[in-house]
Amino acid sequence: FHDFFHGINLLKNFIFKNMFHKLATRFRNYLPRQSLVGQFVRYFFTGGLAFVVDFALFALCLYVFHWHYLLANFVGLIVGLALNYAVSISWVFSTCERSLKNKQYLEFSVFALVGILGIGFNQLIMFALVGKLDIQEMISKIIAASIVLAWNFLARKLILFRDKKV
């Protein structure tokens, strides 16, 4: 696990030094890190970036390396999750008190568990909206994704990234 977290730190440093610096500078003035809205907007963009990386790796593993789609999906999800975690602790919730900062393995596990629960909620919401209420699939997907985005943000914020006491 030590190598895994070392890799996350390297990924975090690369992203911030090369990709996010200009974007982060612009956001700093308009959406302060201390505000809940600023954190949510940052979390929204972080999730979008994680999805793009997940999707790109999925396509690469599936079409270039010819891996089984479940293995390709797993690789994309794990890297996307690691990226989401690294960016969340460095950019989204950087002004927050990290309740498990000294227990990074546990912190990452809780972070991942929230995401896994979110997947379960997404499936249940899709089943309810499409299977029971007969709402169109794409509309249902947007509704489910929005609810789960809020769940992931709030659960991670409340459990792992509390506001610092002044």
Quiz item: If you look at every heavy atom in Ala50 and Gly80, which pair is closest and at what distance?
Solution: CB-O, 3.4 Å
Quiz prompt | Heavy-atom side-chain proximity of Ser88 to Thr46 below 4.5 angstrom | solution = yes
Quiz item: Is there any salt bridge (charged side-chain N to carboxylate O under 4.0 Å, His left out) pair reaching into residues 111-122, and which pairs are they, with sequence neighbours excluded?
Solution: none
Exercise. Would you mind listing every salt bridge (charged side-chain N to carboxylate O under 4.0 Å, His left out) that reaches into residues 100-119, with sequence neighbours excluded?
Key: Arg98-Glu107
Exercise. Say whether Leu62 and Leu71 are linked into one hydrophobic cluster, either directly or through other cluster members, by side-chain heavy-atom distances under 4.5 angstrom.
Key: no
Exercise. Using side-chain contact (heavy atoms from CB on, under 4.5 Å) as the criterion, list what pairs up with Leu124, not counting sequence neighbours.
Key: none
Quiz item: What salt bridge (charged side-chain N to carboxylate O under 4.0 Å, His left out) pairs are there with at least one residue in residues 57-67, not counting sequence neighbours?
Solution: none
Practice problem: Is it possible for you to say whether Val92 and Phe40 belong to one hydrophobic cluster, with membership spreading through side-chain heavy-atom contacts below 4.5 Å? | Solution: yes
Quiz item: Which atom names give the shortest non-hydrogen contact between Ser35 and Gly38, and what distance separates them?
Solution: OG-N, 2.9 Å
Quiz item: Any link between Phe108 and Ile119 through a network of hydrophobic side chains (Ile, Leu, Val, Met, Phe, Trp, Tyr) touching at under 4.5 Å?
Solution: no
Quiz item: Between Gly76 and Leu57, which heavy-atom pair has the shortest distance, and what is it?
Solution: CA-CB, 4.1 Å
Quiz item: Quick one: salt bridge (Lys or Arg N to Asp or Glu O under 4.0 Å) partners of Arg162, sequence neighbours excluded?
Solution: none
Practice problem: Not counting sequence neighbours, list each pair that qualifies as a side chain to side chain donor-acceptor pair (under 3.5 Å) and has a residue in residues 54-69. | Solution: none
Contacts table for residues 154-161: side-chain donor-acceptor under 3.5 angstrom, sequence neighbours left out:
from	atom 1	to	atom 2	distance (Å)
Arg156	NE	Phe111	O	3.2
Arg156	NH1	Tyr43	OH	2.5
Arg156	NH2	Phe111	O	2.8
Lys157	NZ	Gln39	OE1	2.9
Lys157	NZ	Phe161	O	3.4
Lys157	NZ	Asp163	OD1	2.6

Quiz item: If you look at every heavy atom in Gly115 and Asn152, which pair is closest and at what distance?
Solution: CA-OD1, 4.0 Å
Practice problem: Drop me the distance from Ile125's CD1 to Leu129's CG, to the nearest 0.5 angstrom. | Solution: 7.0 Å
Quiz item: Tell me, which pairs form a ring pair (Phe, Tyr, Trp, His ring centres under 6.0 Å) where one or both residues lie in residues 117-142, sequence neighbours left out?
Solution: Phe121-Trp151
Quiz prompt | Side-chain hydrophobic cluster, 4.5 Å single linkage: members besides Val130 | solution = Met126
Name the atoms and distances for all side-chain donor-acceptor pairs under 3.5 Å in residues 136-149, with sequence neighbours left out.
from	atom 1	to	atom 2	distance (Å)
Gln136	OE1	Met138	N	2.8
Gln136	OE1	Ile139	N	3.0
Ser140	OG	Ile135	O	3.3
Ser140	OG	Gln136	O	2.9
Ser146	OG	Ile142	O	2.8

Quiz item: Which ILVMFWY residues can you reach from Phe55 by hopping between side chains whose heavy atoms are under 4.5 Å apart?
Solution: Phe51
Quiz item: Linking I/L/V/M/F/W/Y whenever their side-chain heavy atoms sit closer than 4.5 Å, directly or via other members, would Ile116 and Ile78 fall into one cluster?
Solution: no
Quiz item: Side-chain heavy atoms under 4.5 angstrom apart, residues restricted to Ile, Leu, Val, Met, Phe, Trp, Tyr: same cluster for Leu60 and Leu83?
Solution: yes
Quiz prompt | Listed once per pair and sorted, the side chain to side chain donor-acceptor pair (under 3.5 Å) pairs that draw on residues 121-134, sequence neighbours left out | solution = none
